[in-house]
Structures are given as C-alpha cells and as structure tokens.
Amino acid sequence: MAESKVRKAAAEAVAKPAVKSAVKAVRPRKPESHLAMVRRARRINRELAELYPYAHPELDFDNPFQLLVATVLSAQTTDLRVNQTTPALFAKYPTPEDMAAAVPEELEEIIRPTGFFRNKAKSLIGLSIALRDEFGGEVPGRLDDLVTLPGVGRKTANVVLGNAFGVPGITVDTHFGRLARRFGWTAEEDPVKVEAVVAEIFPKSEWTMLSHRVVFHGRRICHSRKPACGACPVAPLCPSYGEGETDPEKARKLLKYEMGGEPGQRLRPPADFPGEAAARADAAAHRGKVADLAVAE
C-alpha cells in the first residue's frame with residue numbers, strides 16, 4: 001500500500017472513534033478529586049500509548065554528544081530543521097574536543113538555519129569546552145552534572161538522560177506544558193513546577209515514554225492555536241474539549257504529521273535508544289492493523 005494511503009487510513013481510524021465520543025466530551029464535568037484526576041491522567045497515558053506505540057525522540061543522533069547538541073539547537077525551531085543541519089555540523093565537529101576548538105563564525109554559519117545561531121554557537125562551544133575539561137570528553141549521565149553545562153537546562157538534560165542513557169525523565173517543552181494544562185494535570189506555567197507536579201502523578205518508569213507520547217500528541221492533534229478536538233481519541237477524558245475544532249470532518253483536516261508509524265520529522269531513525277526494538281515492533285504491528293483496516297473497508 002502506498003504510504004499516503006497508509007496515512008489516510010490511519011488518520012481515519014484515529015478520527016472515527018472521536019465522532020462518537022464527542023457528545024460525551026461536552027457534558028459538564030463534576031468537580032474532580034485529586035485521586036480521580038490521577039486515574040484519568042493515567043488512562044490518558046494508556047490511550048496515548050495505544051495511539052502512538054512508535055513514539056520516539058524525533059531528533060537524529062548516534063551518541064549522547066550528538067543528542068545533547070541537537071537538543072540545544074532545537075530551541076525555537078523544528079526538529080526537522082535541526083535534522084537537516086546536524087549532518088554537516090557533526091561531519092566538521094564530531095567530538096566535544098573538535099567543537100570546543102571551533103571558530104565561532106564558522107560554527108555560526110553551519111547552524112544559522114536553526115535560528116538564534118550566535119547564542120546557540122556560544123552555548124555549543126561552551127558546553128564542549130566543559131565536556132572536554134571537566135568530564136573527560138564524555139557527556140555525563142547525571143542531571144546535576146548536565147545542568148552545569150552552558151545552554152543546558154532541565155528540559156535538555158532530561159531529553160539526554162531519557163534517550164541516551166535510559167534514565168527516566170520528564171521533558172517539559174512547550175507541547176508538554178500546554179497539554180499538561182489542557183488535560184487538567186496542573187495549572188502551573190513554569191516548566192520546573194510542571195515537571196514536579198507530573199512526576200507525582202505517573203510512575204517513574206513511565207516518565208520518558210510519557211514525554212514522547214504527549215509531545216507527539218501536541219504536534220499531531222492537540223495543536224497550540226487550533227487543536228483538532230473532533231479527531232482526538234482522548235477527547236472524552238479531556239476537560240478542555242471544545243477549545244479547538246469539534247466537527248470531526250473539519251478536525252480531521254487539521255491533523256499534522258503522519259498517523260501510521262512513519263518517521264515524521266526524522267530524516268533517519270535513531271541508531272539506538274532505549275526501547276528501540278519495542279518501538280519498531282509496535283510500529284510494524286500498527287501499520288499491519290492499518291493495512292487490514294483499509295482492505296476491510
């Protein structure tokens with residue numbers, strides 16, 4: 001089956017259940033206890049796990065240093081733009097030692113497409129010097145060490161820990177923060193506070209994959225300006241249903257990226273990351289279900 005047909009069939013499979021559930025989603029909600037919220041939040045996580053069994057980091061990387069650099073570059077731009085930029089970057093500066101010795105103007109020119117290139121170049125050279133001088137040229141696997149690096153905050157540190165070292169972490173980017181508030185998990189705006197609240201709701205073992213699932217959903221369905229509420233499978237569980245387009249047909253037209261397990265923003269799959277084998281197996285199974293659905297219809 002052609003890829004476009006796979007995506008179309010998958011999008012329809014996702015959107016159809018939301019048509020029936022939309023009526024339930026608009027009913028007034030009773031005041032919710034903390035325990036009820038936790039149960040609802042964990043059910044949302046389970047629903048998102050079924051919807052995005054192939055959730056993964058969408059930055060291309062082969063090692064912790066590449067992921068660290070790519071994550072710093074991803075601020076205020078798309079992962080796709082970063083993935084288009086990093087091949088030339090890592091070809092010229094493959095190690096922290098190489099990047100630490102970079103001529104700023106040359107580094108800036110390579111990363112210019114990612115925006116804010118002067119500040120990012122300063123951060124990349126600074127963190128590379130720190131890796132070279134303080135950590136033996138290796139990316140540390142502890143949050144307390146990572147956040148001492150120039151340009152590295154908790155969000156970047158948790159991305160690296162979860163996807164390069166297998167250490168659970170919650171990545172609160174703009175998508176995660178937005179959905180955490182829409183889902184009624186927290187009213188906090190500060191990313192550190194959001195992380196702390198969400199960490200109390202979910203088991204630590206779920207933190208990394210929860211982050212991927214929520215970000216996937218934010219990019220594909222629960223958009224910032226116009227969420228596709230009418231095509232959202234978790235609409236019955238969402239107290240913010242109605243902020244976006246509720247008509248199923250109109251909402252389906254708002255769906256972004258792929259819905260059938262294809263790469264999305266990646267130019268190539270990550271060489272290795274925790275859970276890769278399971279993610280690939282789940283993606284293959286998901287594509288098989290979509291193909292069966294299309295044949296049946």
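From a predicted model like this one, the values you see are computed outputs, not experimental measurements. Below, all heavy atoms of this structure are taken into account, side chains as well, without hydrogens, waters or symmetry copies.
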- Identify whether the distance between the nearest side-chain nitrogen and carboxylate oxygen of R225 and E245 falls below 4.0 Å. no
- Should R252 and D247 count as an ion pair when the cut-off is N to O under 4.0 Å? no
- Item | D145/T148 under side chain to side chain donor-acceptor pair (under 3.5 Å): CA gap, chis, key distance, verdict | CA-CA 5 Å; D145 292 330; T148 66; 5.5 Å; no
- Message: side-chain contact (heavy atoms from CB on, under 4.5 Å), that's the test. Do I129 and R132 meet it? Break it down for me.
- Response: CA-CA 5 Å; I129 291 173; R132 180 195 65 191; 3.7 Å; yes
Distance-minimising heavy-atom pair for [X] and [Y]:
X: A157; Y: L143; answer: CB-CG, 4.3 Å
X: R219; Y: H223; answer: O-CD2, 3.6 Å
X: Y241; Y: C229; answer: CE1-O, 3.6 Å
X: D79; Y: S74; answer: OD1-CB, 3.8 Å
X: A228; Y: A251; answer: CB-O, 3.4 Å
X: G137; Y: P96; answer: O-CG, 3.5 Å

- Task: List the steps, then state whether ring-ring contact (aromatic ring centres under 6.0 Å, His included) holds for H56 with F216.
- Result: CA-CA 9 Å; H56 57 265; F216 259 53; 5.1 Å; yes
Min side-chain heavy-atom separation [X]-[Y] under 4.5 Å:
X: L89; Y: L73; result: yes
X: M209; Y: H212; result: yes
X: R182; Y: E243; result: yes
X: V159; Y: D173; result: no
X: E138; Y: L131; result: no
X: I221; Y: P233; result: yes
X: L149; Y: E134; result: no
X: I170; Y: F176; result: yes

Inter-residue atom distance [X].[atom1] - [Y].[atom2], 0.5 Å rounding:
X: E106; Y: I111; atom1: CD; atom2: CD1; answer: 12.5 Å
X: E58; Y: T78; atom1: CD; atom2: OG1; answer: 10.0 Å
X: S211; Y: N163; atom1: OG; atom2: CG; answer: 8.5 Å
X: L67; Y: F165; atom1: CG; atom2: CZ; answer: 9.0 Å
X: F116; Y: Q76; atom1: CZ; atom2: CD; answer: 5.0 Å
X: L161; Y: R154; atom1: CG; atom2: CZ; answer: 9.5 Å

- Linked, directly or transitively: Y52 and L254 (ILVMFWY side chains, under 4.5 Å): no
Sub-3.5 Å donor-acceptor pair from the side chain of [X] to the main-chain atoms of [Y], do we have one?
X: K120; Y: V72; value: no
X: N83; Y: D60; value: yes
X: T246; Y: G242; value: no

- Tell me, with the steps shown, if K92 and D98 meet side-chain contact (heavy atoms from CB on, under 4.5 Å). CA-CA 8 Å; K92 188 173 180 65; D98 295 319; over 6 Å; no
- Task: Go through the steps for L127 and L68 under the test side-chain contact (heavy atoms from CB on, under 4.5 Å), then give the verdict.
- Result: CA-CA 9 Å; L127 69 85; L68 176 61; 3.8 Å; yes
Can I get a per-line list of side-chain donor-acceptor pairs under 3.5 Å for residues 41-48, giving both atom names and the distance, sequence neighbours left out?
{"residue": "R42", "atom": "NE", "partner": "I201", "partner atom": "O", "Å": "2.8"}
{"residue": "R42", "atom": "NH2", "partner": "I201", "partner atom": "O", "Å": "2.8"}
{"residue": "N45", "atom": "OD1", "partner": "R213", "partner atom": "NH1", "Å": "2.9"}
{"residue": "N45", "atom": "ND2", "partner": "E206", "partner atom": "OE1", "Å": "2.8"}

- Message: K253: which residues meet the side-chain contact (heavy atoms from CB on, under 4.5 Å) condition with it, sequence neighbours left out?
- Response: none
- Step-by-step side-chain contact (heavy atoms from CB on, under 4.5 Å) determination, L237 to F183: CA-CA 8 Å; L237 300 171; F183 288 153; over 6 Å; no
Show the atom names and distances, to 0.1 Å, of all donor-acceptor pairs under 3.5 Å that link a side chain in residues 184-193 to residues at least two apart or in another chain.
{"residue": "T186", "atom": "OG1", "partner": "E188", "partner atom": "N", "Å": "3.0"}
{"residue": "D190", "atom": "OD2", "partner": "V192", "partner atom": "N", "Å": "3.1"}
{"residue": "D190", "atom": "OD2", "partner": "K193", "partner atom": "N", "Å": "3.1"}

